[in-house]
Amino acid sequence: MAEEVQNGGAENGTAKAVTVTFTAMKPQLIVEAPKAGDAVQFYKAAFGAEEVNRVNHPKRKAEQELPLILSAELKLGSTTFLISDSDLTDDSSAPVKTASGCIFCLETEDVEGAVAKAVTAGAVSEGEIAEGDGACCGGRVGKLKDPYGNVWLICSPSKKCE
């Protein structure tokens, strides 16, 4: 005899827990078309990012000089993130020609050197390097805006916040 189960397979009328495991979170930066290739080069030059994967636009003609990037995956420290071209995303909810509103924080012992390198690559420094009460957990922090409108904080390793 078959047992009837109600509420979507739950026993005793309570919801059955579903376990979901995520293996990674990859922020995606949408840049103004057709600047994804430029953005990849900027993040390599400014922050030493490593390109680990690239998907070129399938409609780009083979005889054209440079392939148009649909999406590129970059590794920076232990984190990976995606760069995508705004005109090439099929997701109508994706922001077009605007930054995502996220602030990215990079940790380094050499805040001045990292800020200088990013500025040389095309970022704009916003203010002086802050220390103590004006910085992340009492450390040192420099603020940058990249050529694509994203804000980056270059911070010394965090001290324990109390």
Side-chain angles (χ1 to χ4, degrees), residues 22-91 93-162:
F22 295 98
T23 58
M25 182 177 125
K26 297 178 183 178
Q28 182 177 19
L29 300 178
I30 308 294
V31 298
E32 184 178 347
K35 296 183 179 179
D38 294 340
V40 168
Q41 292 308 312
F42 169 78
Y43 295 119
K44 286 179 175 182
F47 304 132
E50 173 191 351
E51 187 174 341
V52 295
N53 193 17
R54 177 183 286 207
V55 177
N56 292 325
H57 193 278
K59 295 180 182 176
R60 185 74 173 191
K61 295 179 181 174
E63 67 272 5
Q64 289 176 312
E65 217 174 281
L66 297 173
L68 194 57
I69 296 175
L70 182 61
S71 182
E73 183 177 356
L74 301 178
K75 183 175 181 186
L76 185 54
S78 62
T79 302
T80 60
F81 63 101
L82 304 170
I83 303 293
S84 297
D85 197 317
S86 64
D87 281 355
L88 299 178
T89 59
D90 292 330
D91 181 2
S93 67
V96 178
K97 298 182 182 181
T98 61
S100 65
C102 292
I103 295 176
F104 302 93
C105 184
L106 298 175
E107 253 185 32
T108 180
E109 293 289 343
D110 185 5
V111 173
E112 290 83 0
V115 168
K117 184 177 178 183
V119 168
T120 299
V124 176
S125 179
E126 297 193 342
E128 299 294 320
I129 293 174
E131 287 189 67
D133 293 339
C136 300
C137 293
R140 299 172 45 76
V141 63
K143 185 176 179 182
L144 302 166
K145 186 174 275 189
D146 71 26
Y148 311 98
N150 299 297
V151 177
W152 295 80
L153 298 178
I154 310 298
C155 302
S156 60
S158 298
K159 297 177 183 176
K160 184 177 179 181
C161 295
E162 296 181 30

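By convention here, the first residue in the shown sequence is residue 1.
Distance check, rounded to the nearest 0.5 Å: NZ of Lys26 to OG1 of Thr79 gives 11.5 Å. Of the inter-residue distances, the one linking Leu74 atom CG with Arg54 atom CZ reads 9.0 Å to the nearest 0.5 angstrom. Rounding to the nearest 0.5 Å places CD of Glu73 at 4.5 Å from OG1 of Thr80. With values rounded to the nearest 0.5 angstrom, Ile69 atom CD1 is found 6.5 Å from Asn56 atom CG. Summarising the geometry, atom SG belonging to Cys105 is positioned 7.5 Å from atom CD1 belonging to Ile154; distances are rounded to the nearest 0.5 Å.
Residues Leu29 and Phe104 are in side-chain contact: their nearest non-hydrogen atoms beyond the backbone lie under 4.5 Å apart.
Side-chain N or O atoms of Ser125 include one that pairs as donor or acceptor with a backbone N or O of Gly127 at under 3.5 Å.
For Gly142 against Ile129, the heavy-atom pair with the smallest separation is CA-CG1, 4.1 Å. Here the shortest heavy-atom pairing between Gln28 and Ser84 reads NE2-OG, 2.5 Å. The two residues Leu144 and Ala118 make their nearest non-hydrogen contact at CD1-CB, 3.4 Å. Across all their heavy atoms, Val141 and Leu153 have their closest contact at CG2-CB, 3.9 Å.
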Could you pull out all donor-acceptor pairs under 3.5 Å where a side-chain atom in residues 35-50 meets a protein atom, sequence neighbours excluded?
from	atom 1	to	atom 2	distance (Å)
Tyr43	OH	Asp146	OD2	2.4
Tyr43	OH	Asn150	ND2	3.3
Lys44	NZ	Glu51	OE1	3.1

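Within a 6.0 Å sphere centred on NZ of Lys145, heavy atoms belonging to other residues, nucleotides or ligands number 12 at most.
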